Novice: 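One structure coming up, written as structure tokens, with questions to follow.
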There are 2 protein chains.
Amino acid sequence: MAAMNPTGRGKPAFSPLYRQIKALITQDLQAGVWKPGTAIPSELELAERFRASQGTVRKAIDELAAGNLLVRRQGKGTFVATHTEQTTRYRFLRLAADDGSGRGLERRLLHCERTRAGADVARLLELKGGDPVVRVRRLLLDRGAPVVLDDIWLPGRLFKGLDAARLAQYNGPMYALFEAAFGVQMIRAEEKLRAVAADAAVAALLGTKAGTPLLSVERRALTYGNRPVELRRGLYRTEAHHYRNELQ
Amino acid sequence: MAAMNPTGRGKPAFSPLYRQIKALITQDLQAGVWKPGTAIPSELELAERFRASQGTVRKAIDELAAGNLLVRRQGKGTFVATHTEQTTRYRFLRLAADDGSGRGLERRLLHCERTRAGADVARLLELKGGDPVVRVRRLLLDRGAPVVLDDIWLPGRLFKGLDAARLAQYNGPMYALFEAAFGVQMIRAEEKLRAVAADAAVAALLGTKAGTPLLSVERRALTYGNRPVELRRGLYRTEAHHYRNELQ
DNA sequence: AAGTGGTCTAGACCACCTG
DNA sequence: AGGTGGTCTAGACCACTTA
């Protein structure tokens with residue numbers, strides 16, 4: 001394996017071996033060679049395959065683990081990250097109760113339809129205007145009280161067969177369903193937060209009054225290769241909950 | 001240097017050498033042996049000092065760089081992180097204009113007084129009730145329009161000599177002043193976000209109407225050893241700006 | 001006992017920056 | 001040319017898990 005990148009134009013004329021190996025592993029992850037939750041080959045086996053030393057493969061895996069694509073477990077192996085496990089289920093949910101109570105959130109499906117992408121949705125999902133999309137609306141409730149109203153848009157071609165029945169029957173984190181049933185893995189997401197006033201319709205659904213300040217969370221979730229695969233807009237009641245963040 | 005930790009009680013009976021070295025470097029950072037913006041000794045010199053190999057010192061520095069305590073620059077050295085440089089100035093500011101315009105924010109000091117900590121502030125800053133605190137109120141403006149109203153509480157003992165004159169005269173990021181003038185380095189921060197309604201007083205300061213939804217950002221900033229050294233509550237107008245976040 | 005990830009070393013060489 | 005961080009190797013050994 002060449003350490004140089006002879007075709008490199010512009011800046012990255014040099015790509016270290018461990019980054020090339022990282023790219024190759026990422027390709028295999030993207031292609032679904034190893035399913036979420038399963039182990040990838042051991043470091044020594046990968047080293048042999050790529051004709052590199054353990055340390056070099058190790059550095060590639062380190063970066064993938066830092067990006068939450070892989071999970072290392074000493075003595076057991078290195079596993080493909082998944083949204084299905086207890087510990088990693090709500091990786092992207094930053095909602096917390098002010099009193100620190102647990103996360104026994106109840107889900108209630110309000111709406112699910114297949115429709116066509118408008119201009120904004122198409123642009124953000126990198127689709128063409130009029131492409132099929134799935135539109136979902138749901139509530140999250142904490143001890144019976146509505147806390148979040150989510151509106152979700154998904155590319156129709158990626159989520160064939162997703163409908164109200166399918167969603168209603170499944171009870172668990174959405175990203176776990178997407179991963180298991182549609183092979184779509186959410187890797188990272190960008191969010192934009194704002195404060196907005198509830199309109200009458202939203203207020204009714206959230207059990208509050210029109211004009212109540214709500215935290216608006218616009219999310220764009222991406223899969224391998226930074227391909228956008230979900231838009232989500234959450235409206236959060238924040239009288240007894242908040243959005244927590246860590247700055248570093 | 002022993003790789004074992006013979007006094008270890010409970011779980012961490014084993015601490016690898018690179019973590020012990022990391023702890024020693026952190027101690028020196030905390031003690032101010034090297035000032036922000038200056039270079040620490042080279043990897044080879046530290047390896048000699050700690051009687052370890054370059055690779056082991058390197059791993060310790062890698063973790064400190066990942067935590068934004070140090071910054072590596074190939075060919076030049078490894079430097080103590082600072083809030084004073086152009087690239088790292090607004091490390092903790094997640095405010096962005098919807099139209100993507102730059103960050104030429106104007107600061108306007110409204111208020112600065114030395115007073116006594118109330119119960120809540122004392123608890124969050126890990127002080128005793130009645131301990132001296134500095135209370136600051138200021139505005140951030142974008143092209144003349146108020147966007148953020150910040151209320152800030154600082155432990156009085158750490159910020160001796162901080163007053164309105166000092167703040168008014170200085171024009172730059174606050175954390176850069178804290179670092180240069182008081183030797184207090186903000187390492188990380190926790191934030192809680194909510195949507196709230198502007199009251200009359202806040203509305204007047206932000207140039208909007210009472211009842212306008214505002215994004216409330218409660219921040220607790222920490223220095224070495226997770227010691228809290230600042231409380232800050234920002235109220236953001238989000239008609240033309242938003243709080244951006246990356247989930248990973 | 002065997003297999004996995006985790007640590008550590010010694011040495012070589014490369015890429016980048018500054019005199 | 002010399003110093004700094006960055007990459008890579010080969011090999012040894014440790015810690016953790018499973019059988």
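Chain letters run A, B, ... following the sequence lines, proteins first, then strands; residues in each count from 1. Hydrogens, waters and symmetry mates are skipped; everything else that's a heavy atom, side chains included, is used. Computed from a predicted structure; not experimentally measured.
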Novice: Could you tell me the separation between the CD atom of B:Glu43 and the C1' atom of C:dA10, rounded to a whole number of Å?
Specialist: 15 Å
Novice: Just how far, in rounded Å, is P of D:dG3 from CG of B:Leu46?
Specialist: 17 Å
Novice: On DNA chain D, compare the nucleotides closest to A:Val57 and A:Gln74; which residue's is nearer the 5' end?
Specialist: A:Val57
Novice: Mapping A:Gly55 and A:Gly75 to their closest nucleotides on DNA chain D, which lands nearer the 5' end?
Specialist: A:Gly55
Novice: For the residue pair B:Phe159 and B:Phe182, does the interplanar ring angle fall in the parallel (under 30°), tilted (30 to 60°) or perpendicular (over 60°) class?
Specialist: tilted
Novice: Under 4.0 Å from OP1 or OP2 of D:dG11: is there any side-chain N or O of A:Ser53 that close?
Specialist: no
Novice: In whole Å, what is the span from the CZ atom of B:Arg72 to the C1' atom of C:dC17?
Specialist: 16 Å
Novice: Measure the distance from CD on B:Gln54 to P on C:dC13 and round it to the nearest whole Å.
Specialist: 15 Å
Novice: For A:Leu44 and C:dG6, give me the distance from atom CG to atom P, rounded to whole Å.
Specialist: 12 Å
Novice: Counting just side-chain N and O atoms, does A:Lys59 come under 4.0 Å of either OP1 or OP2 of D:dT7?
Specialist: yes
Novice: Output yes when at least one side-chain N/O atom of B:Thr78 is less than 4.0 Å from OP1 or OP2 of D:dG5, else no.
Specialist: yes
Novice: Rounded to the nearest Å, what distance is computed from the CZ atom of residue A:Arg73 to the P atom of nucleotide D:dA15?
Specialist: 22 Å
Novice: Give a yes/no answer on whether the side chain of A:Lys76 brings an N or O atom under 4.0 Å of OP1 or OP2 in D:dC16.
Specialist: no
Novice: Taking atom C1' of D:dG6 as reference, at what distance in whole Å does atom CZ of A:Arg58 sit?
Specialist: 18 Å
Novice: Report the nucleotide, chosen from C:dT7, C:dG5, C:dT9, that has the shortest atom-to-atom distance to any side-chain atom of B:Thr56.
Specialist: C:dT9
Novice: Would you mind reading off the distance between B:Phe79 atom CZ and D:dG5 atom P, rounded to a whole angstrom?
Specialist: 8 Å
Novice: Please work out whether the ring planes of B:Tyr236 and B:Tyr243 are parallel, tilted or perpendicular, with thresholds of 30° and 60°.
Specialist: tilted
Novice: How close do A:Gly37 and A:Phe79 get, heavy atom to heavy atom, and via which atoms?
Specialist: O-CD2, 3.6 Å
Novice: Can you see which heavy atom on B:Ala81 is nearest to which on B:Gln185, and at what distance?
Specialist: O-OE1, 3.8 Å
Novice: Is any side-chain N of the basic residue among A:Arg220 and A:Glu190 closer than 4.0 Å to the acidic one's carboxylate O?
Specialist: yes
Novice: Name the nucleic acid region contacted by B:Ala52, choosing base, sugar-phosphate or nothing; use a 4.0 angstrom heavy-atom cut-off, strictly under.
Specialist: sugar-phosphate
